[in-house]
Amino acid sequence: MKELLLLFISSSLLITPITSSPAFKTTPRFLSKFSNTNKPLTQQNLKYETQYFTQTLDHFTFSNLPTFQQRYLINSNYWSGPLQMGPIFFYCGNEGDIEWFAANTGFVWEIAPRFNALVVFPEHRYYGESMPFGSREKAYENASSLAYLTTEQAIADFAVLVTDLKWNLSAKACPVVFGGSYGGMLAAWMRLKYPHIAMGALASSAPILQFEDIVPSETFYDIVSRDFMRESSSCFDTIKKSWGALEVEGMKDDGLVQMSSNFRLCQRLNNTKDLSDWLSSAYSYLAMVDYPYPSEFLMPLPANPIKEVCREIDSYPNGTSVLERIFAGVSIYYNYTGTVDCFDLGDDPHGMSGWDWQAKQCIKEFGIKPRPQWVTTEFGGHDIRTTLRTYGSNIIFSNGLLDPWSGGGVLQNVSETIVALVTAEGMTRE
């Protein structure tokens, strides 16, 4: 395994690197950081079989609960087989449809032939087609049906699935698990929780320290702000002024109607917060996918999209309203192709709405009080160097410092087998 990890390190190094008065508002979903390269994956690269595994709903009780079908994608084209101890590259599914992540995860597909690896993409429960209780409507019905949407259950799903695969394939070679952002957290935590199953983990852009007071709560937005500031201070200032401008406009008699029209929204605004959240999400996502090449992971985007957004905002002559500039800039993210007739603020094209339950809206939408200390109790976080040095091994933490999630990541080597790969002027991409 040490030799394999060293090869992973050398492979990663050969790849091009990808405020007290904050300018940005709402925290977006994590999403993957194993993004596609500038050369789209071909259908040949993406060949896989779609399989389903009968999964336990609750791994931690013996209650008589229904099972559900967990979808996973598998490719054995490059696998050298169990007799040659071919490894299993097991991508920890993120908060969305697994086919979407498979199509935008170039690194795993690129290195699988080199290592003669079996490639497996398991879907995270409650996303895509992996719905308990038979349908999305029933799975998302209420707090009781959503109670099984937890990180602990998801990691246990992965452990049970890969154990079953290894048994059925007579494959004694343990998998190396991959993941980006939330998936990277899952990969690292799976290695720590199930070291006898997961031989190693490559956790890209995994903010495992983004909890409680381990890192300052404003760290994410400080980095987003710096990403825009480094492109254009005037662009940043315009975005910062826009929040006040939204509120002023919204208090006018016909302000919400005018903004609904000016921002080409499909539905009339009921408040300014919805528009503010929509804009802030765009800025945060732009910071997460500010790649130096065109990409289509979240939206069709040009190379260096923050540069393009700021160029658009700054291009308007003096006297142009702040909100007119903002609409022009954010259209680079939401409508770069120019084909969108109107914008639906509630659109969820990749099926990520389960993240509201996992991370944000427990009290507001479901009446459930979150336990903010539970993550560090379950997985650790405080004094992480001691924890990883004492109990961990074979984990690579990869971060680009322009990525806003890097602020909650492991940025220094911990031991010979827990390594931090940091790109100072780049996004994390493999």
Side-chain angles (χ1 to χ4, degrees), residues 19-29 216-290 298-299 301-302 304-336 338 340 342-347 360 401-407 427:
T19 65
S20 57
S21 178
F24 307 99
K25 303 278 185 177
T26 57
T27 306
R29 300 169 177 91
S217 59
E218 65 272 14
T219 297
F220 179 93
Y221 287 111
D222 282 347
I223 298 174
V224 175
S225 297
R226 288 201 300 268
D227 288 350
F228 280 82
M229 281 282 289
R230 71 192 293 270
E231 290 298 344
S232 166
S233 59
S234 60
C235 170
F236 173 81
D237 289 339
T238 300
I239 294 172
K240 193 170 182 178
K241 291 174 184 175
S242 71
W243 309 121
L246 285 173
E247 296 302 320
V248 170
E249 190 68 22
M251 287 188 290
K252 296 179 179 178
D253 290 341
D254 63 345
L256 294 177
V257 174
Q258 285 299 317
M259 284 195 293
S260 300
S261 174
N262 294 341
F263 279 86
R264 291 171 48 190
L265 305 183
C266 299
Q267 298 89 22
R268 177 177 169 177
L269 280 174
N270 294 317
N271 54 67
T272 57
K273 183 179 183 302
D274 291 341
L275 181 56
S276 175
D277 290 349
W278 183 72
L279 294 171
S280 187
S281 292
Y283 304 136
S284 297
Y285 288 139
L286 282 161
M288 287 193 283
V289 294
D290 192 28
L298 296 178
M299 298 284 190
L301 291 172
N304 303 300
I306 290 181
K307 183 187 293 292
E308 296 304 317
V309 168
C310 284
R311 180 179 295 159
E312 191 70 22
I313 288 174
D314 290 342
S315 69
Y316 280 68
N318 292 335
T320 306
S321 74
V322 167
L323 295 185
E324 186 177 349
R325 293 172 184 265
I326 289 299
F327 177 69
V330 79
S331 293
I332 296 292
Y333 178 76
Y334 284 117
N335 192 21
Y336 181 63
V340 179
C342 68
F343 300 104
D344 181 355
L345 302 190
D347 189 28
K360 300 191 296 182
L401 297 186
L402 296 182
D403 179 357
W405 290 122
S406 65
M427 300 296 299

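Note: hydrogens, waters and symmetry copies are ignored here, and every other heavy atom, side chains too, is used. This chain uses plain numbering: 1 for the first residue, then up along the sequence.
- Remark: Leu275 CG to Leu265 CG distance equals 6.0 Å, nearest 0.5 Å.
- Atom-to-atom distance recorded for Cys266:SG and Arg264:CZ is 9.5 Å, nearest 0.5 angstrom.
- A donor-acceptor pair under 3.5 Å links the side-chain atoms of Thr219 to the main chain of Pro216, judged by distance alone.
- No donor-acceptor pair closer than 3.5 Å links the side chain of Tyr283 to the backbone N or O of Phe228.
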For the pair Leu246 and Met259, evaluate side-chain contact (heavy atoms from CB on, under 4.5 Å) and give the outcome as yes or no after the intermediate values. CA-CA 9 Å; Leu246 285 173; Met259 284 195 293; 3.6 Å; yes
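- Side-chain contact between Tyr334 and Ser281: present, with at least one pair of heavy atoms (C-beta onward) separated by less than 4.5 Å.
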For Tyr316 and Ser321: C-alpha separation, side-chain torsions, deciding distance, then whether side-chain contact (heavy atoms from CB on, under 4.5 Å) applies. CA-CA 9 Å; Tyr316 280 68; Ser321 74; over 6 Å; no
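- Remark: side-chain polar atoms of Ser276 are not paired, donor with acceptor, to backbone N or O of Thr272 under 3.5 angstrom.
- Taking a cutoff of 4.0 Å between a charged side-chain nitrogen and a carboxylate oxygen, Asp277 and Lys273 qualify as a salt bridge.
- Minimum heavy-atom separation, Ala287 to Pro404: O-CD, 3.6 Å.
- The heavy-atom pair separating Val309 from Gly329 by the smallest distance is CG2-O, 3.5 Å.
- Sorted by first and then second residue, the pairs that involve residues 244-255 and meet salt bridge (charged side-chain N to carboxylate O under 4.0 Å, His left out), not counting sequence neighbours, are Glu249-Lys252.
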Please evaluate residues Val257 and Arg268 with respect to the criterion side-chain contact (heavy atoms from CB on, under 4.5 Å), reporting the C-alpha separation (whole Å), side-chain torsions for both, the decisive distance (0.1 Å), and the verdict. CA-CA 6 Å; Val257 174; Arg268 177 177 169 177; 3.3 Å; yes
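- Residue pairs meeting the salt bridge (charged side-chain N to carboxylate O under 4.0 Å, His left out) criterion with at least one member in residues 304-319, sequence neighbours excluded, are Glu231-Lys307, Glu308-Arg311.
- Taking each heavy atom of Ala282 and Val330 in turn, the nearest pair found is CB-CG2, 3.5 Å.
- Of the inter-residue distances, the one linking Asp290 atom CG with Asn304 atom CG reads 6.0 Å to the nearest 0.5 angstrom.
- In terms of heavy atoms, Leu256 sits closest to Ser260 at O-OG, 2.7 Å.
- Interatomic distance, Ser225 OG to Ile239 CD1, rounded to the nearest 0.5 Å: 8.5 Å.
- Residue Lys241 holds its NZ atom at 10.5 Å from CD1 of Ile326, rounded to the nearest 0.5 Å.
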Does the pair Leu345 and Leu269 meet the rule for a side-chain contact (heavy atoms from CB on, under 4.5 Å), with working shown? CA-CA 9 Å; Leu345 302 190; Leu269 280 174; 3.7 Å; yes
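- Between Tyr221 and Ser284, some side-chain heavy-atom pair lies under the 4.5 Å cut-off.
- Considering all non-hydrogen atoms of both residues, Asn335 and Val340 come closest at OD1-N, 3.0 Å.
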Assess the residue pair Phe263 and Phe327 against the criterion (ring pair (Phe, Tyr, Trp, His ring centres under 6.0 Å)); give the C-alpha distance rounded to whole Å, side-chain angles, the decisive distance to 0.1 Å, and a yes or no. CA-CA 6 Å; Phe263 279 86; Phe327 177 69; 5.5 Å; yes
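- The structure places CG of Asp222 at 11.5 Å from CE of Met229, a figure rounded to the nearest 0.5 Å.
- Side-chain contact between Tyr336 and Pro302: present, with at least one pair of heavy atoms (C-beta onward) separated by less than 4.5 Å.
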